[in-house]
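Everything below concerns the one structure shown next.
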Amino acid sequence: MKALAIDLGGTKAAFAVVDAEGRILARTKRPSHDGDAALSFEALARTAGETVEAAGLRWSELEGAGVIVPGIYDAATGRAWAPNLWGDAQVGLLEALAPLLPLRLTIDSDRSGYVLGESWLGAARGCTDAVFLGVGTGIGAGLLCGGRVIRGAAGIAGAVGWFATDPAWTPQGTLGCWEAQAAAPALARRTGARDGKEVTDAARKGDASARRAVEEAAAALAMGIADLISALNPQVVVLGGGLMLANDLFLEPIRRAVPRWAQPIAARQCRIVPSALGQDAGLLGAARLALFEGARS
């Protein structure tokens with residue numbers, strides 16, 4: 001069996017043809033925006049076709065297509081909410097893509113894709129209860145409980161960036177409290193840097209302000225991770241996303257701090273590890289959706 005996988009990210013769209021063993025037979029990548037507008041569905045379909053051709057296959061030889069989006073996908077309506085792509089509007093994603101891709105479509109959030117990818121072939125392999133925590137521009141979690149992905153009533157489960165982790169509430173706009181404290185933009189704000197990478201680079205060079213910012217962000221991340229462990233009792237929490245590329249700075253401080261806040265037995269049972277798949281977690285999760293998870297359309 002083989003499937004088309006599409007990871008429709010906020011800045012890039014990644015495409016791959018993947019077989020049932022998780023081997024990537026062909027891959028393509030392109031920006032997910034054309035100027036100021038999100039890439040058209042017709043352009044996405046063309047690139048998908050080019051990826052299938054690059055694998056030396058025909059559409060009829062594929063089991064289906066798995067698509068993940070950076071936001072919320074409601075399987076009941078076929079609509080997606082992905083502000084980094086389409087602003088605040090809910091877009092009829094299934095209705096738009098179905099006429100363009102001659103395959104059975106399986107659509108889900110990127111959170112679901114990441115945890116499925118890591119549980120299939122990555123750091124959560126063999127686990128029935130796992131959390132994938134993506135920390136980048138925002139914070140979101142893919143939740144696997146009892147071997148099933150938890151999506152919630154309207155696909156919103158895992159929006160953990162909205163965790164209330166600071167009693168000194170201030171209006172956060174479109175940000176949740178936890179991500180306002182601990183995501184990459186928060187790290188940059190602590191030092192006046194352009195982005196999180198500038199801070200982590202400075203911290204590695206011994207800059208005192210950058211090191212304090214990393215310590216504060218790690219402490220905030222540990223509190224939210226402890227809440228996830230206490231609530232869900234996972235076997236593993238997998239850390240991914242852009243900010244966790246600096247896991248050399250964050251991983252050990254998080255591991256040390258989590259037991260202070262989490263239910264103690266659950267904390268001792270849970271491993272906290274970096275992603276094993278990196279940027280391929282989403283693609284492989286999208287492929288798993290198409291190959292094994294059944295239609296969510």
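For Arg194, the side chain to side chain contact (heavy atoms under 4.5 Å, CB included) test picks out Glu198, with sequence neighbours left out. The salt bridge (charged side-chain N to carboxylate O under 4.0 Å, His left out) test applied to Glu215 returns no partner, not counting sequence neighbours. Applying the side chain to side chain contact (heavy atoms under 4.5 Å, CB included) test to Thr191 and every residue at least two apart in sequence or in another chain returns Ala193, Val199, Ser209, Ala213. Residues that satisfy the salt bridge (charged side-chain N to carboxylate O under 4.0 Å, His left out) test with Arg211, not counting sequence neighbours, are absent from this structure. Ala154 pairs by the side chain to side chain contact (heavy atoms under 4.5 Å, CB included) definition with Asp74, Ile156, not counting sequence neighbours. Lys197 meets the salt bridge (charged side-chain N to carboxylate O under 4.0 Å, His left out) test with Asp201; sequence neighbours excluded. For the salt bridge (charged side-chain N to carboxylate O under 4.0 Å, His left out) test, residues two or more places apart in sequence or in another chain that qualify with Asp280 are Arg27. When the side chain to side chain contact (heavy atoms under 4.5 Å, CB included) test is applied to Ala48, the partners found at least two apart in sequence or on another chain are Leu4, Ile6, Phe15, Trp59, Leu101.
Within the structure, no pair that satisfies the ring pair (Phe, Tyr, Trp, His ring centres under 6.0 Å) test touches residues 209-247, not counting sequence neighbours. Sorted by first and then second residue, the ring pair (Phe, Tyr, Trp, His ring centres under 6.0 Å) pairs with a member in residues 228-278 form an empty list; sequence neighbours excluded. For residues 127-145, no residue pair satisfies the salt bridge (charged side-chain N to carboxylate O under 4.0 Å, His left out) rule, not counting sequence neighbours. Applying the ring pair (Phe, Tyr, Trp, His ring centres under 6.0 Å) test to pairs two or more places apart or on separate chains, those with a residue in residues 120-154 are Tyr114-Phe132, Trp120-Phe292.
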